[in-house]
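Structure, as structure tokens:
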Number of protein chains: 2
Amino acid sequence: MVKSLMNNTQLGALARTFSALADQSRLLILHTLRQNPCYVNELCEKTGLKQANVSKQLGILKNAGLVDAQRQGNLVHYTICEPIIFEICELVCNKLERDARRRLEDFAPAKRGQ
Amino acid sequence: MVKSLMNNTQLGALARTFSALADQSRLLILHTLRQNPCYVNELCEKTGLKQANVSKQLGILKNAGLVDAQRQGNLVHYTICEPIIFEICELVCNKLERDARRRLEDFAPAKRGQ
DNA sequence: TGACAATATCACTAAACTGTGATATTGTAA
DNA sequence: TTACAATATCACAGTTTAGTGATATTGTCA
């Protein structure tokens, strides 16, 4: 259970963490890193995002404590350091799927199966 | 497990849900509603936010499918309709606490207990 | 009907954010 | 040292967002 009473500092920190997750490009980066931790240039290729943008978003993710960076010579290797983000995404994805299913039911009630 | 491959539509929907959670005022409203579902005017009193603001944020939360509204005469009663948001907040809060603890350890290593 | 209360919406301002080209930084290797 | 590659940072434009006072909408009651 979340603490039953939260203070403003806690709510602010919570909001900042959600902000880090509230962008499609950053989610794409996390999703990509999940398949394989990799270097910045690889992230650019895999995601199709530009280098400056990838670096910027990685900075935000790192600042939120979601990814870790490790310099290897000329390269920087990024890893996800908070697997809980995938639990969280799973919970939200399930909710979204339920929502969509419910919306369909409004048009095609009683159809069973998917 | 989250689907191992997500498409842009899914990532976008995910980002939009996190956006709804990425604001301190909205988290405060959710937190308040969690103690007791209530009417808009009560929310204004309990949170100290202005009426126009509360209505606006409630609209965003409702649009994200996080709260439900039920008109009762002149009043509108709001309820949280997605308890999973508390699981999510709990996961994030635990992470934040771990982060803070780790940060403390950098200054006061080996102190045990809290 | 008219007066009033609760809530939602509008129009606006100030602040924050995304993506980008250009540039700075950091490391390698000759 | 110099040249070069990978990444981070800067400065900027365009977009989005939160909060607010004013107003519109919706419902109650007399």
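Owing to the predicted nature of the structure, the values given are computational and were not obtained by experimental measurement. Naming convention: chains lettered A, B, ... in sequence-line order (proteins, then strands); numbering from 1 in each chain.
The distance from atom CG of A:Leu28 to atom C1' of C:dG19 is 14 Å, rounded to the nearest whole Å. Taking atom CG of B:Leu49 as the reference point, atom C1' of D:dG21 lies 16 Å away to the nearest angstrom. Computed from coordinates, the B:Asn53 CG to C:dT7 P distance equals 15 Å when rounded to whole Å. In this entry the distance linking CD of A:Glu42 with C1' of D:dA6 reads 12 Å, nearest Å. With rounding to whole Å, B:Ile29 atom CD1 is found 13 Å from C:dT7 atom C1'. Across the protein-nucleic acid pair, B:Leu75 atom CG and C:dA8 atom C1' stand 14 Å apart, rounded to whole Å. Protein atom CG of B:Leu27 is 11 Å distant from nucleotide atom P of D:dA18, rounded to whole Å. Atom CG in B:Leu43 sits about 13 Å away from atom C1' in C:dA6, given to the nearest Å.
DNA chain C lies under 4.0 Å from no heavy atom of any residue of residues 12-25 of chain B. For residues 54-63 of chain A, proximity to DNA chain C is found at A:Lys56, A:Gln57, A:Ile60, defined as any non-hydrogen atom under 4.0 angstrom from a strand atom.
Taking 4.5 Å as the limit, every side-chain heavy atom of A:Asp23 sits out of range of all side-chain heavy atoms of A:Ile60. Counting only heavy atoms from C-beta outward, the side chains of B:Leu28 and A:Met6 never approach each other to under 4.5 Å. In this structure, the side chains of A:Arg98 and B:Ile84 come closer than 4.5 Å at one or more pairs of heavy atoms.
Judged purely by distance below 3.5 Å, without hydrogens or angles, the side chains of B:Asn41 and B:Glu45 never pair a donor atom with an acceptor atom.
For the side chain to side chain donor-acceptor pair (under 3.5 Å) test with B:Asn53, the passing option among B:Lys56, B:Lys50, B:Gln57 is B:Gln57; the others fail.
The structure places OH of A:Tyr78 at 11.5 Å from CD of A:Gln70, a figure rounded to the nearest 0.5 Å. Residue A:Cys93 holds its SG atom at 4.5 Å from CG of B:Leu14, rounded to the nearest 0.5 Å. Between the CG atom of B:Leu33 and the CG atom of B:Leu58 there is a distance of 6.5 Å, given to the nearest 0.5 Å.
Within a 6.0 Å sphere centred on NZ of B:Lys46, heavy atoms belonging to other residues, nucleotides or ligands number more than 12.
Not one side-chain nitrogen or oxygen of B:Asn41 sits closer than 4.0 Å to the OP1 or OP2 atom of C:dA5. For the pair A:Tyr39 and D:dA5, the criterion of a side-chain N or O lying under 4.0 Å from OP1 or OP2 is not met.
A salt bridge between A:Glu97 and A:Arg102 is absent, with no side-chain N of the basic residue lying under 4.0 Å from a carboxylate O of the acidic one.
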In the 5'-to-3' direction, what one-character label does each nucleotide of nucleotides 22-30 of chain D receive under the scheme B = base within less than 4.0 Å of a protein heavy atom, S = sugar-phosphate only, - = no such atom?
-> B----BS--

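Nearest-nucleotide positions on DNA chain D place A:Val40 closer to the 5' end than the other of B:Lys50 and A:Val40.
B:Leu30 and B:Tyr39 fall into different hydrophobic clusters, defined by Ile, Leu, Val, Met, Phe, Trp and Tyr side-chain heavy atoms under 4.5 Å apart, directly or through other members.
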